[in-house]
Amino acid sequence: MSAIGAQGQLVTTDVPPAPRPEAETEPQDHPYVGMWVTEDGHIRHELLNNGRYDEARGTRQSAWQGRYRVTGDIIQYWDDTGFYADGQFRNDVLYHAGYILFRENR
């Protein structure tokens with residue numbers, strides 16, 4: 001499913017959901033490990049190198065947590081509650097669920 005969001009940027013992908021990873025953690029080898037934040041700092045999305053992510057929203061720490069996998073420039077998320085989402089990296093920017101996130105130390 002594709003959607004056009006902020007500033008006409010593609011924010012979701014046409015990639016069908018992949019099966020949820022079997023392992024609780026799955027080591028990741030990609031250049032996107034680290035903290036990603038929205039321009040206003042409200043959403044802070046940390047991609048850990050063990051295949052887990054931790055997302056804070058406003059003052060709510062660990063609002064969403066789960067597993068993720070990066071394939072090329074596509075990221076797929078499986079939240080611990082069962083929610084699935086995806087996103088895309090383009091020019092060192094993460095487009096995810098209608099949000100635009102930047103590396104914390106840019």
Side-chain angles (χ1 to χ4, degrees):
M1 73 192 118
S2 293
I4 302 300
Q7 301 171 356
Q9 299 292 320
L10 179 68
V11 293
T12 61
T13 69
D14 290 328
V15 176
R20 185 180 191 91
E22 293 286 330
E24 186 64 28
T25 61
E26 189 174 287
Q28 297 290 295
D29 182 24
H30 57 75
Y32 306 117
V33 169
M35 185 68 74
W36 295 81
V37 298
T38 54
E39 191 75 53
D40 63 4
H42 181 75
I43 297 175
R44 295 167 313 283
H45 192 118
E46 186 172 15
L47 301 178
L48 305 169
N49 64 3
N50 67 355
R52 301 275 304 166
Y53 72 91
D54 190 330
E55 182 176 313
R57 292 192 176 224
T59 59
R60 187 173 170 210
Q61 297 296 316
S62 299
W64 302 101
Q65 295 177 311
R67 304 174 205 181
Y68 77 93
R69 180 182 297 144
V70 171
T71 306
D73 63 353
I74 302 297
I75 184 168
Q76 295 179 295
Y77 302 89
W78 296 269
D79 187 82
D80 289 343
T81 65
F83 178 78
Y84 170 83
D86 62 11
Q88 185 175 32
F89 295 95
R90 286 199 325 267
N91 300 319
D92 211 30
V93 176
L94 171 57
Y95 297 90
H96 164 65
Y99 295 101
I100 299 173
L101 296 98
F102 303 92
R103 286 187 187 272
E104 183 175 54
N105 297 318
R106 56 183 164 134

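Numbers for residues simply follow the sequence, beginning at 1. Treat the numbers as computed from the prediction; the structure is a model and nothing was measured.
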> Within a reach of under 6.0 Å around CG of D29, are more than 12 heavy atoms found that belong to other residues, nucleotides or ligands?
Replying inline: no
>> Run the side-chain contact (heavy atoms from CB on, under 4.5 Å) test on W36 and F89 for me, step by step, so that the C-alpha distance in whole Å, both residues' side-chain angles and the decisive distance to 0.1 Å come before the verdict.
In response: CA-CA 11 Å; W36 295 81; F89 295 95; 3.7 Å; yes
> Which of parallel (below 30°), tilted (30 to 60°) and perpendicular (above 60°) describes F83 and W64?
Replying inline: tilted
State the [atom1]-[atom2] distance between [X] and [Y], to the nearest 0.5 angstrom.
| X | Y | atom1 | atom2 | value |
| --- | --- | --- | --- | --- |
| I100 | Y95 | CD1 | OH | 5.5 Å |
| Q76 | T71 | CD | OG1 | 6.0 Å |
| L48 | R67 | CG | CZ | 13.5 Å |
| R57 | T38 | CZ | OG1 | 9.0 Å |
| D73 | L94 | CG | CG | 10.5 Å |
| Y53 | Q28 | OH | CD | 13.0 Å |

>> For E104 versus V37, what's the shortest heavy-atom pair and its separation?
In response: CA-CG2, 4.3 Å
> Which pair of non-hydrogen atoms, one from R103 and one from P31, has the smallest distance, and what is that distance?
Replying inline: NH2-O, 2.6 Å
>> Before you tell me yes or no, could you show the steps for R52 and D80 under side-chain contact (heavy atoms from CB on, under 4.5 Å), namely the whole-Å CA-CA distance, both residues' side-chain angles and the distance that decides it to 0.1 Å?
In response: CA-CA 10 Å; R52 301 275 304 166; D80 289 343; 2.8 Å; yes
> Under a 4.5 Å cut-off applied to non-hydrogen side-chain atoms, are L47 and Y68 in contact?
Replying inline: yes
>> Can you confirm whether Q88 sits close enough to I74 that some side-chain heavy atom of one is under 4.5 Å from a side-chain heavy atom of the other?
In response: yes
Look at the side chain of [X] and the backbone N and O of [Y], then say whether any donor-acceptor pair between them is shorter than 3.5 Å.
| X | Y | result |
| --- | --- | --- |
| R44 | G58 | yes |
| D79 | T81 | yes |
| H45 | M35 | no |

